[in-house]
Amino acid sequence: MREIDGHTRTCGLIGNPVAHTQSPLIQNHMAQATGVNLVYVPFPVAQGNLEAAVKGALALDLLGLNVTVPYKSDVMSYLAEIDPLAERIGAVNTLVRCEGGYKGYNTDMPGLYRAMQQDGVEIAGRNVVILGAGGVARAVAVMLLEKGAAGAYILNRTVDKARAVAEEVNGIAGRSFAQAYALSDYGQIPGEKWLVIQATSVGMHPHVDCAVMEEPAFYRHVETGYDLIFNPGVTRFMKLTEAAGGRAYNGARMLVYQGVIAYELWTGVTIGQDTADELCRMMAQALAVR
Ligand code: NAP
């Protein structure tokens, strides 16, 4: 345990609930590894207290905050500045002290991109299938656009939500980039082999025996299945992907890299590959014992 003294800076996580978070493990390990005098703690923020929490953080001179469910969009109303990427995504998960308040960033999507690069999964020039049309799926579609994907096929249980996300992303693109389908319409997706990003909450602990898509005919097309769920470490979607001969990844590396990028924004210290790899191993261990 590091010494806490008069110079110790504080960062933390605001959300509701926050008790399940892995972020203190990730952030405090980085502070230790880089010798920065910083502690990171969870702050549960009750409904209706978000503005007071941001003002309180400013008054207490907190160096930075992560923001989680359900405040990633609402927090944008209480910030001095918003990074353009976060603005396009419509969600902020990291606050960094700036002149007169906090500047909001989205490190989830740069985190996912870095994770995919580390895993050797290329996006540029590819048509990518997204399962889901919630907040994260929308952010993934924006990330795919930013990173030069050829297009996105958004499949969702509620097809109207998929249509709304596709329309929004096409509005940002200024062209037809994303198309929306019902889950059962996967047969309309062109191409033989697909990169599929699983961005629904189906299969998350404790409902580990579920996948949003069960059809064997779907999985025959999945070359790479990238599940954003990190608990369990091997989801049913990943098992079905691998059973059909595809490569499968979970969301743990994304979780680590969103934290790495936030830490780098707060401290200006770059996290080396060794530390990032160690964090991924720690996450795998922490999740395995749950
Ligand atoms: P969300 O806004 O609540 O969206 C949930 C999505 O799951 C919707 O598309 C919803 O479809 C679908 N869904 C839920 N239950 C379903 C069911 N029984 N059958 C079919 N579809 C169902 O959630 P979110 O904020 O986008 O988060 C999605 C997931 O991303 C989270 O659960 C988490 O695992 C993952 N995540 C990972 C990281 C990371 O760092 N790795 C970070 C953030 C989130 P409908 O629209 O039809 O309801």
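Both ligands and their constituent atoms are indexed starting at 1 by order of listing.
- More than 12 heavy atoms of other residues, nucleotides or ligands lie within 6.0 Å of CD in Gln273, so this atom counts as buried by the packing criterion.
- The single protein non-hydrogen atom nearest to atom 23 (O) of ligand 1 is Gly135 N, 4.7 Å, given as residue, atom name and distance.
- The residues Arg247 and Asp119 are annotated as not salt-bridged, no charged nitrogen and carboxylate oxygen being separated by less than 4.0 angstrom.
- The protein non-hydrogen atom at the shortest distance from atom 18 (N) of ligand 1 is Arg157 NH1, 3.3 Å.
- Residue contacts with ligand 1 for Val136 involve both N, CA, C or O and side-chain atoms from C-beta outward (heavy atoms, distance under 4.0 Å).
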request  = Check step by step if side chain to side chain donor-acceptor pair (under 3.5 Å) holds for Asp227 and Thr235.
outcome  = CA-CA 8 Å; Asp227 201 330; Thr235 62; 2.7 Å; yes
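- Between atom 9 (O) of ligand 1 and the options Thr200, Asn156, Val165, Leu255, the minimum heavy-atom separation is to Asn156.
- With a heavy-atom cut-off of 4.0 Å, Arg138 does not touch ligand 1 at all.
- Below 3.5 Å of separation, one finds no N or O of Leu183 facing any N or O of ligand 1.
- Evaluated by nearest non-hydrogen atom to atom 28 (C) of ligand 1, the leading choice among Gly251, Ala199, Gly134 is Ala199.
- Using a 30° and 60° split on the angle between ring planes, Trp266 and Tyr40 fall in the tilted class, from 30° to 60°.
- We find the CG-CG distance between Asn37 and Asp5 to be 4.5 Å, quoted to the nearest 0.5 Å.
- Contacts between Val202 and ligand 1 below 4.0 angstrom, taking non-hydrogen atoms only, involve the side chain exclusively.
- A heavy-atom distance below 4.5 Å is not found between the side chains of Thr34 and Thr267.
- Of the polar atoms of Thr158, at least one N or O is found under 3.5 Å from an N or O of ligand 1, judged by distance alone.
- Between Ala252 and ligand 1, not a single N/O pair is under 3.5 Å apart.
- Counting protein heavy atoms only, atom 32 (O) of ligand 1 is closest to Met204 SD, 2.9 Å.
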